[in-house]
Amino acid sequence: MKTIERYNPRVEEPRWQKAWADAKSFEVSNSDPREHYYVLEMFPYPSGRIHMGHVRNYAMGDVLARYKRARGFNVLHPMGWDAFGLPAENAAKQTGSHPKAWTYANIDAMRAQLKSMGLSFDWSREFATCDVDYYQRQQKLFLDFLKAGLVTRKSAKVNWDPVDETVLANEQVIDGRGWRSGAIVEQRELTQWFLKISDYSEELLSAIDGLTEWPDKVRTMQRNWIGKSEGLRLLFELVPSPLTAATSIEIFTTRPDTIFGASFIALSPDHPLAAELASANPAIRDFIAEFHRQGTATETLEKAEKSGVFTGLRVVHPTRPGETLPVYVANFVLMEYGAGAIFGCPAHDQRDLDFARRYGLNVIPVVLPPGADPATFAVGSEAYVGPGTAYHSEFLDGLDVDAAKKEIARYFGARAVDNRPQGVVETNYRLRDWGISRQRYWGCPIPVIHCPTHGIVPVPDADLPVRLPDDVTFDKPGNPLDHHPTWKHVSCPICGTPSRRETDTMDTFVDSSWYFARFTAPEAAAPTIPGIANSWLPVDQYIGGVEHAILHLLYSRFFARAMHKTGHLGMDEPFKGLFTQGMVVHETYKDAAGEWVLPADVVLEGMGDSRRARLAATGAPVEIGSIEKMSKSKKNVVDPDEIVRTYGADCARWFMLSDSPPERDVQWTEAGIEGASRFQQRVWKLVQDSIQLAELPASGETPTAEIDAIRKLTHRVVKTISDDIEGLRFNRAVAQIYELTNGLGKFSATLEAAPSANGVAALRESVQTLVQLTAPMMPHLSETCWTALGRKGMVADAPWPEADPALLVESTVTLAVQVNGKLRGELVVAQDTPREEIERQALSLEAVARILDGKAPKKIIVVPGRIVNVVA
RNA sequence: GUGGGCGUGAUGGAAUGGUAGACAUACGGGACUUAAAAUCCCGGGGCUGUAUAGCCGUGUGGGUUCAAGUCCCACCGCCCGCACCA
């Protein structure tokens, strides 16, 4: 045999990328009559460089897209850029580059990187959210939402990031800090634009049940985020007092059944009544001030002890006339939820109990746990929150918790305080309206004008887009649009009076809430062409990081509904299937000075506990640290460009898909990428061997049984890989390909010893199938092999191999034989062997007979095709 | 605190309640080579010095079952989300 030249990805990969581009292989037509399939990976922020997480994400989507295309679907697989956002402005401040120039330069760099990965994107549909063409349509959507009553403007306490000098949504505040800057968030009162996502709370919650192709984890997170709770709004009559003119206090409770155990009322420090009382009471004023200091200054909010201050007010107990309850201002009551005030029932709520113990308030149990003795049951340091029956509760006595809730709601509904029903059943949601105003330059301008006479005036459609001015400066804090000398000065579209243009821009989460729809018709004059959008959407498979489980996915679900309402879309749910992939992690390294060291600068030696690392340059020792998510700050990153240069894109893709299940983290290792590279050469060698074998003079004949075995292996693998790709089990698909390659390699070796015409033909057929099966993962290698095998055209255009059902059934089957559940032997029998015969053969196995020792078995269980268990 | 997930060889991980450890990596042995790399072959959970034999083995303890990594209960540990939501 001739020596085989190694496969050279550096030459082959660019060549095929050009071939696909020239042939427009992945450009998709909206009018293609074949069944549509939409694969989408979360589009990246153009930070400047792609990272391994991108490679993993897009490799997964690409496997699915290429597979579905081979399966005959008309596959939409687009890519774009989530291109507005703060880093561009930060770069402008630091380097003086213009955000626009910076962003588009980054996009060019990253596009080139993605193209070097050989991903089957339809690049003709590419756009960036900072393209005027895109944000113009977004402004149109905003105006339509405004008209439809989905937008509101209100003064609200907002999360203010003092470093980024902008407002953050609740979702962007993590542990009291800005999600990007990490700065401790302050509370400020500002007039803001809001999208009324809370109108859809119930709808967004109940529709989660229908998202059966989403991970349960994400569905649970969204349910919790929407946070529905049903309870009672309840009025407590104030005992008349000179301290206030108010006559009642409204509270919210989910446990109205415990009303007889109430022993105090607590107001949030942000409650208007608390503020009113504070003006005349220094103790309350100090308490509120201290609360605000702590509220934002310490991140250990959860550890703060329950504390409060008595207001001097008392309320009438609503079910025990004659009794009154003290009113406190307490640090554990949130103004944002319910009524900003509660009644405390210490026996059945832990927080109330902690508070009551501290201030010596009554603890009256009113719910008796099942089986407990009413005479002796008592609450110590732990509140009882479980089920039970009401007692010490007069007309509620004997009712279970649910029945008591209903009964007490009816009771309070029929009574009146301040000429209102005393109790009203209410459903509360944690989900707040979505504040989208940002005091930033690099975002989509909100298309409204503030007229002194007409107030808020929408920019007429004909005047869209409201373009971002290019001539802005970043030398002052705050919003550059606001500092611009002329941009905000416009005349009112209605009356022509000098007016002020809105200088707030939209939260970038708005940009990413509808891009999936824009991809279906990226050139359309309107935001979408509904007929076309409806033919593609919902996205069949959406793939991305779990960090977007709440924000992006919830906003997109809201946007689909809002776009449906305004006629831009015909459905409510944007993503039919969702897959959240794991992260790419890597070991960390630190030098003697404690500085992080790049993996590329480290040499590893030894194994297990004796593993050592040192600097490649100097040989100085390096400490091996924990395995963590790849991040620039810890320098545990591997540059995809470097990997593509050294090993090729196919190897990077292959490694990212092998080993770890896609939903779990995958650890990048040198050994792993080396293994991928070895495998690539093995496939290449196998293909070359099969070609050379055909050129050798054939002699003799390979036994039919061997040919059958190789064909059966091939077809079994075709079947399982197809199932694995459909189920996104890429690691198993990879393992199947290894198995097939190993099998064909062995077969090829036997043919080398004795080449036969029928054997070589069978090998050629199977090798060709192998090449096709490998194509979604290693597309470049597969194209080169395909051509080498003498096939016309490209694998990218070839239909997926079909598994022959006849080759999937085995004529014989191997049965495991157990005695009392312990494996004792094996039995090879024909597929249709009758039960009695199997039993007979099992019993005659030597190992089985030995254990039975002449005694008759108690029972024999035969599971057809699987196992025989003899119960001795 | 609360909701969810996970725990399998040296390592990443396979396994519709039915032969635990597929596949890969590390490692050991051998072939080829002047040598190394590459490649190929063999071994590879532990123990019983040998293994055609046997015992043990999927975090711990119980249970259900002819049969449990898989189902149920309790506990331990790790990871993730939410978190004073009344």
Side-chain angles (χ1 to χ4, degrees), chain A residues 4 6 174-175 215-225 227-229 231-232 251-256 258 266 268 301-306 330-334 336-345 348-352 354-355 428-430 546-547 549-550 582 606-609 611 655 658-661 663-667 669-672 674-676 678-679 681-682 685 729 731-742 745-746 749 814-827 847 850 857-872:
Chain A
I4 294 161
R6 288 172 66 79
I174 295 147
D175 292 334
D216 287 342
K217 180 184 172 168
V218 175
R219 300 207 291 167
T220 306
M221 282 164 74
Q222 292 222 344
R223 277 192 197 102
N224 292 342
W225 191 262
K228 179 179 183 173
S229 60
L232 199 65
I251 64 96
F252 178 74
T253 180
T254 56
R255 291 297 302 275
T258 63
S268 164
L301 246 181
E302 67 270 23
K303 291 182 195 108
E305 233 182 299
K306 306 277 172 289
N331 67 345
F332 64 95
V333 182
L334 303 174
E336 300 79 50
Y337 188 79
I342 59 153
F343 81 77
C345 176
H348 304 292
D349 183 286
Q350 192 58 46
R351 295 156 302 182
D352 296 350
D354 294 345
F355 190 81
N428 257 300
Y429 299 90
R430 215 181 73 113
V546 73
E547 66 271 20
I550 298 172
M607 61 172 293
D609 290 340
R611 275 180 83 234
F655 176 39
S658 57
D659 285 348
S660 284
E663 69 278 10
R664 266 192 244 176
D665 291 352
V666 63
Q667 190 188 345
T669 60
E670 195 65 17
E674 295 273 359
R678 263 200 302 279
F679 174 71
Q681 297 299 338
R682 259 172 66 208
K685 182 175 180 298
R729 294 180 294 266
N731 57 322
R732 297 214 312 205
V734 163
Q736 291 293 317
I737 289 180
Y738 272 117
E739 213 163 317
L740 180 57
T741 309
N742 291 344
K746 285 205 178 79
T814 307
L815 296 175
V817 179
Q818 298 179 330
V819 179
N820 292 336
K822 254 188 202 313
L823 182 69
R824 295 296 168 181
E826 272 181 3
L827 218 50
R850 179 153 33 84
K858 286 201 188 98
K859 202 195 266 187
I860 302 177
I861 286 146
V862 178
V863 182
R866 291 211 168 264
I867 208 161
V868 180
N869 192 11
V870 179
V871 185

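Letters A, B, ... are given to chains in the order of the sequence lines, protein chains preceding strands, and every chain is numbered from 1. Predicted model, so just to flag it, every value in this text is computed and none were measured.
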Taking the side chain of A:I342 as its heavy atoms from C-beta onward, which of B:rG18, B:rA86, B:rU25 lies nearest to it? B:rA86
Can you name the closest pair of heavy atoms from A:K306 and A:N331 and give their distance? CA-OD1, 3.6 Å
Looking only at heavy atoms, which two atoms of A:N820 and A:N869 are closest? And how far apart? N-OD1, 3.4 Å
Please state how far atom CG in A:L823 lies from atom C1' in B:rG17, giving the value in whole angstrom units. 17 Å
Does A:K746 put a side-chain nitrogen or oxygen below 4.0 Å from OP1 or OP2 of B:rC42? no
Is the phosphate of B:rC55, meaning OP1 or OP2, less than 4.0 Å from a side-chain N or O of A:R824? yes
Nearest non-hydrogen partners of A:T741 and A:F679, listed with the distance: OG1-CE1, 3.5 Å
Need one value for A:V871: base, sugar-phosphate or nothing, where a base atom within 4.0 Å counts as base even if backbone is also close, heavy atoms only. sugar-phosphate
With a non-hydrogen cut-off below 4.0 angstrom, is A:K858 in contact with a base, only sugar-phosphate, or nothing? nothing
Taking 4.0 Å as the cut-off, does a side-chain nitrogen or oxygen of A:N820 come that near to OP1 or OP2 on B:rA67? no
Give one of base, sugar-phosphate or nothing for A:Q681, where a contact means two heavy atoms less than 4.0 Å apart. nothing
Taking OP1 and OP2 of B:rA14, is either one under 4.0 Å from a side-chain nitrogen or oxygen of A:R729? no
When we call it a touch if two heavy atoms are under 4.0 Å apart, what does A:V333 touch: a base, just sugar-phosphate, or nothing? base
What's the closest nucleotide to the side chain of A:N742 if the choices are B:rU25, B:rA24, B:rA22? B:rA24
Identify whether any heavy atom of A:Q667 sits under 4.0 Å from a base atom; if not, whether one sits that close to sugar-phosphate; answer base, sugar-phosphate or nothing. nothing
Closest contact, heavy atoms only, A:Q222 versus A:I550: NE2-O, 3.9 Å
Using both pair distances under 3.5 Å as the test, note the stems of at least 3 consecutive Watson-Crick or G-U pairs that include RNA chain B. B:1-7 with B:76-82, B:10-12 with B:23-25, B:27-31 with B:39-43, B:45-48 with B:53-56, B:59-63 with B:71-75
Of the nucleotides B:rC84, B:rC66, B:rA22, which one has an atom closest to the side chain of A:A735? B:rA22
Remember a base hit wins even if backbone is also touched, and classify A:D216 as base, sugar-phosphate or nothing at under 4.0 Å, heavy atoms. nothing
In whole Å, I'd like the distance from the CZ atom of A:R430 to the C1' atom of B:rA83. 8 Å
Syn within 90° of 0, anti beyond: B:rG13 is anti
Touch class at under 4.0 angstrom, heavy-atom based, for A:R678 against every strand present: sugar-phosphate
Touch class at under 4.0 angstrom, heavy-atom based, for A:T253 against every strand present: sugar-phosphate
Roughly how far apart, to the nearest Å, are B:rG5 and B:rC55 at atom C1'? 35 Å
Give A:T814 one of three labels, base, sugar-phosphate or nothing, depending on what nucleic acid heavy atoms sit under 4.0 Å from its own. base
Of the listed nucleotides (B:rU19, B:rA86, B:rG13), which one gets closest to any side-chain atom of A:F252? B:rA86
Whole angstrom value for the distance that separates P of B:rG1 from CG of A:D352: 19 Å
Is it the case that B:rU39 (base atoms only) and A:R6 (side chain only) share a donor and an acceptor within less than 3.5 Å, ignoring hydrogens and angles? no
Answer with base, sugar-phosphate or nothing: what part of the nucleic acid does A:Y738 contact at a heavy-atom distance below 4.0 Å? sugar-phosphate
With the side chain defined as heavy atoms from C-beta on, A:R850 is closest, among B:rA83, B:rC66, B:rA53, to B:rA53
